[in-house]
Amino acid sequence: MKNQEIANIFYEIGDFLEMEGVQFKPYAYKKAAITLDALEEDVGEIYKQGGKKVLEKIPGIGESMAEKIEEYLKTGKIRYYEDLKKKTPINIEELTAVEGLGPKRVKVLYQEIGIRNLKDLERAAREHKISPLFGFDVKTEKNILEGIKFLKRSKGKFLLGDILPIAEEIEKKLKSLKEVNQVSVCGSVRRKKETIGDVDFLVISKKPEKVMDFFVSLPGVIKIWGKGSTKASVRMREGFDTDIRVVPKKSYGSALQYFTGSKEHNIKLRKIAIEKNLKLSEYGLFKGRKMIAGNNEEEIYKSLGMKWIEPELREDRGEIEADIKGQLPKIVDYDDIEGDLHCHSNWDGGANSIEEIAEVAIKMGYQYLGISDHTKFLRIEHGLNENQLAEQRKEIDKINKQLAIGNKQLKVLQGCEANILNDGSIDIKDEALKKLDFVIAGIHSNFKMEKEKMTERIIQAMKNPSVDIIAHPTGRILKRRDEYECDFNKILRTAKETGTVLEINSFPERLDLNDQNIRKAKEVGVKMVINTDSHHKDQLRLIEFGIAQARRGWAEKDDIINTQPLEKLLKIFKK
Ligand code: DGT
Ligand code: CA
Ligand code: CA
C-alpha cells in the first residue's frame with residue numbers, strides 16, 4: 001500500500017508550506033495526510049478502478065492533490081514536493097520531530113545559521129548558537145537538546161501502530177504461498193508492545209527453502225541480512241528488520257512460545273521446567289529424550305502445571321506466579337468494547353461529520369458514540385465555545401431521532417474535550433458543561449510545570465463535579481516527549497475519591513495511560529475508559545491498540561467503563 005508513503009509526503013508538503021507562511025494550504029495538506037493515513041483501502045487500488053476522478057471523491061482530496069497522488073502512483077515521485085525540497089534543502093521531517101520545533105522555527109534556524117538536519121541542530125545547541133536568535137532563548141535551547149536526547153533514546157524502535165498493518169500484510173502474503181501450512185507473528189508484535197524492535201514470523205512448512213526464497217523477495221525488502229535453509233532476516237523499506245523461522249509441525253507450539261517471548265518470561269518458564277526435571281526449548285518440552293509437549297502452546301503450559309497465558313501478559317511481571325496460584329486475571333477482550341467516547345467531528349476541524357462517524361460506529365456494532373470536540377481555549381483546533389456546544393447539542397438530538405426512526409441501536413452522546421487551565425479550572429462555563437452527557441478534560445498547554453503544581457492542577461480538575469474523564473492523563477507522546485512531571489499515585493488517590501475515570505488513549509503515539517499505569521490504576525480500583533481520540537472516522541478502529549495496552553496492564557472487563565451497556569455507563573458519570 002502506498003497510502004503511508006503519500007501521507008508522509010503530504011505531511012512534509014504541509015510543513016514546507018507552513019514554513020513559507022502560506023495560509024490554509026498547509027492545513028489542507030495535513031488533513032489530507034491524516035485521511036490517507038487512516039484510509040483502509042489502498043489508494044493504488046482506488047485509482048486503478050476509477051482513475052483520478054474517484055480519488056477526488058475521498059474527503060479532503062481535491063483536484064490538485066488527486067493529481068499529485070496520480071503522479072506518485074505512476075512515477076514514484078511528486079515534482080511539486082521535489083521542488084519544495086530543492087528550494088529549502090533541509091530534513092524537515094527529522095527537524096520537526098524535535099519537541100517544540102515547528103516549521104516556522106526550523107526556517108529561522110536554516111536561514112540564520114544554516115541548520116539542515118538533526119546533527120547540525122545538536123551541534124549548534126551545544127555551542128549555544130541558538131539562544132541568541134530571534135524568537136529563541138536559553139530555555140528553548142535547553143529544550144531542543146532535551147528533545148534530541150529523547151529522539152535518540154527512541155531510535156530504532158517503531159510504533160506498534162505503524163508496524164502491525166505491515167506485519168499483517170506480510171502474514172497474508174506468506175499464507176498465500178502453497179508451501180506454507182501456518183504462519184504466526186511472534187515476538188513483541190504478538191505481545192502488542194507499544195514499540196517494536198523487529199518483527200518475527202514463524203512458519204510451518206515441509207519445504208522451507210521455498211519459503212526462504214519467497215520471503216527474501218517480498219516487495220519492500222531492501223536488504224538481506226542472512227538467508228539459511230530454515231531462517232532468514234531482512235530489512236524492510238520502512239526501516240525495520242524482519243526475521244523468519246520455519247519449523248516442523250510437531251514443534252510449532254514450543255517454537256511459538258519461545259519466539260513470542262518475552263525473553264524474561266521464557267527464562268522463568270524454563271526454570272520451572274528444570275524444577276520439574278523437564279527441559280524446555282524452542283524444539284519442545286522434553287522428559288529425558290522424550291518429547292512430552294510441543295505441538296501447541298496450551299499443552300506446554302499445561303505440562304508445567306499452568307494455564308495458557310495471553311501473549312500480552314508475558315512480560316515476567318508476576319503472570320507466571322499468578323498462573324501457578326490459579327489467579328491469572330481474565331483480561332478485557334478485543335470485542336468487549338460497547339462504544340468510543342472520544343471522537344472529534346468536523347465541528348472542531350476533524351475530518352468527518354457526526355453522521356459519518358456514527359455510520360462507522362454502527363458498523364463496529366457499538367451501542368454508543370461520544371462526540372468530544374475540543375473547546376475554545378484551543379484555537380488552532382477550532383475549539384467550540386458555549387454557544388457552539390449548545391448548537392451541536394441540537395444536531396446530536398436530531399441525529400439520535402433519525403437513528404431511532406431507522407431502528408439503529410446506536411446512541412450518540414455529547415461530550416467535549418475541555419482544557420485544564422494552569423490553575424486547574426476548565427475553559428468552559430460550568431452551566432454549559434452540565435448540559436453535556438459527559439465531560440472529558442485534558443492538559444493541552446504548559447506541559448513543563450513544576451511537579452507539585454502540575455499534580456495540583458490535575459487534582460483540581462478531578463475535584464470538579466462536571467469532569468468525568470481525564471484524557472491522556474500523563475501527556476507522553478512516544479518518540480517525542482516524556483510524561484509531564486506529576487505525582488501519579490496522588491492522581492490515582494484523587495481519581496478514586498472523586499470517581500473520576502482515567503482514559504486509556506488508543507492513539508499509537510499516545511497509549512496513555514500505558515500498561516504499567518493501567519496496572520496501578522486497576523490495583524487502586526480506579527475505573528478507566530478506552531477511547532480512540534480519533535480525528536477521522538477510519539481512526540475508530542485504532543481502539544484495538546488501546547485494548548491491547550489495557551490487556552498488557554492486566555485490566556479486566558469491569559475496570560473499563562465502556563464495556564458496560566449504555567444505561568450502566570450513564571450511571572457511572574458524575575451527577
Ligand atoms: P523486540 O524485537 O526488541 O521488540 O522484542 P522481541 O521480544 O520481539 O525480541 P526478539 O525479536 O529479539 O526475539 C524474539 C523472541 O525470541 C523473544 O521475545 C524471546 C526469544 N528470545 C530471543 N533471544 C532469547 C534468549 O536469549 N533467551 C530466550 N529464552 N529467549 C530469547
Ligand atoms: Ca522482535
Ligand atoms: Ca527478532
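Everything quoted here is computed from the prediction, not taken from an experiment. In listed order, ligands and their atoms are each counted from 1.
- Under a 4.0 Å criterion applied to the non-hydrogen atoms of G197, ligand 1 contributes the atoms 1 (P), 2 (O), 3 (O), 4 (O).
- Taking the centre and axis of the six-membered ring of F259, the NZ or CZ atom of R245 falls outside the cone set by 45° and 6.0 Å.
- Annotation: atom 19 (C) of ligand 1 to nearest protein heavy atom, Y258 O, 3.4 Å.
- Ranking the protein heavy atoms by distance from atom 17 (C) of ligand 1 puts G261 CA, 3.9 Å first.
- With distances taken over non-hydrogen atoms, the option nearest atom 29 (N) of ligand 1 out of R270, E315, R314, E282 is R270.
- Numbered from 1 in the order shown, with element, the atoms of ligand 1 that lie under 4.0 Å from a heavy atom of G187 read 8 (O).
- Taking 4.0 Å as the cut-off, K193 does not count as a neighbour of ligand 1 on heavy-atom distance.
- Across the listed options D198, L280, V185, D198 owns the non-hydrogen atom lying nearest to atom 2 (O) of ligand 1.
- Checking side-chain atoms of R314 against main-chain N and O of I320 turns up no donor-acceptor pair under 3.5 Å.
- Counting heavy atoms under 4.0 Å from ligand 1, residue K157 touches it through the side chain alone.
- Side-chain N or O atoms of D42 include one that pairs as donor or acceptor with a backbone N or O of G44 at under 3.5 Å.
- Judged by distance alone, with hydrogens and angles left aside, the side-chain atoms of D512 form a donor-acceptor pair with the main-chain N or O of T474 at under 3.5 Å.
- By heavy-atom distance, the residue among Q257, R190, K263, R245 lying nearest atom 25 (C) of ligand 1 is K263.
- Using a non-hydrogen distance threshold of 4.0 Å, T260 registers as a contact of ligand 1.
- T532 contributes a side-chain N or O that, together with a main-chain N or O of S534, makes up a donor-acceptor pair within less than 3.5 Å.
- Here the protein heavy atom with the shortest distance to atom 6 (P) of ligand 1 is S188 N, 3.7 Å.
- Applying the side chain to side chain contact (heavy atoms under 4.5 Å, CB included) rule to Q564 yields the partners D558, K568, I572; only residues at least two apart in sequence or on another chain are considered.
- Using a 4.0 Å cut-off between a side-chain N of Lys or Arg and a carboxylate O of Asp or Glu, E99 and K448 do not qualify as a salt bridge.
- Side-chain N or O atoms of S254 include one that pairs as donor or acceptor with a backbone N or O of E282 at under 3.5 Å.
- Scanning all heavy atoms of the two residues, the minimum distance from L159 to P508 falls at CD2-O, 3.9 Å.
- Less than 4.0 angstrom separates atom 27 (N) of ligand 1 from at least one non-hydrogen atom of the protein.
- Within ligand 1, counting atoms from 1 as listed, the ones closer than 4.0 Å to a heavy atom of R191 are 7 (O), 18 (O).
- Of the candidates R476, R552, K479, R476 is the only one forming a salt bridge (Lys or Arg N to Asp or Glu O under 4.0 Å) with E194.
- Evaluation of the salt bridge (charged side-chain N to carboxylate O under 4.0 Å, His left out) rule for K302 yields no partner, not counting sequence neighbours.
- In this structure a side-chain-to-backbone donor-acceptor pair under 3.5 Å is missing from Q327 to D323.
- One finds no salt bridge joining E146 and R480 here, because no Lys/Arg side-chain nitrogen approaches an Asp/Glu carboxylate oxygen to under 4.0 Å.
- Proximity to I196 (heavy-atom distance under 4.0 Å) selects the following atoms of ligand 1: 4 (O).
- When each atom of ligand 1 is checked for a heavy atom of D200 under 4.0 Å away, the hits are 8 (O), 11 (O), 14 (C).
- Below 3.5 Å of separation, one finds no N or O of S262 facing any N or O of ligand 1.
- Between I267 and ligand 1, no N or O atom pair is found at a separation short of 3.5 Å.
- On a distance-only criterion, T195 and ligand 1 share no N/O pair closer than 3.5 Å.
- Under the 6.0 Å cut-off for aromatic ring centres, H342 and H535 do not qualify, their centroids lying 6.0 Å or more apart.
- Judged by the shortest distance from any of its heavy atoms, H265 lies outside the 4.0 Å radius around the atoms of ligand 1.
- Contact of the V246 side chain with the M212 side chain is registered, since non-hydrogen atoms from C-beta on lie closer than 4.5 Å.
- Around the Ca ion (ligand 2), the protein atoms of type N, O or S found under 3.0 Å away are D198 O, D198 OD1, D200 OD2, listed by chain and number.
- Sorted pairs that involve residues 168-211 and meet ring pair (Phe, Tyr, Trp, His ring centres under 6.0 Å), not counting sequence neighbours, are lacking altogether.
- If you number the atoms of ligand 1 from 1 as listed, the ones under 4.0 Å from a heavy atom of F259 come out as 14 (C), 15 (C), 16 (O).
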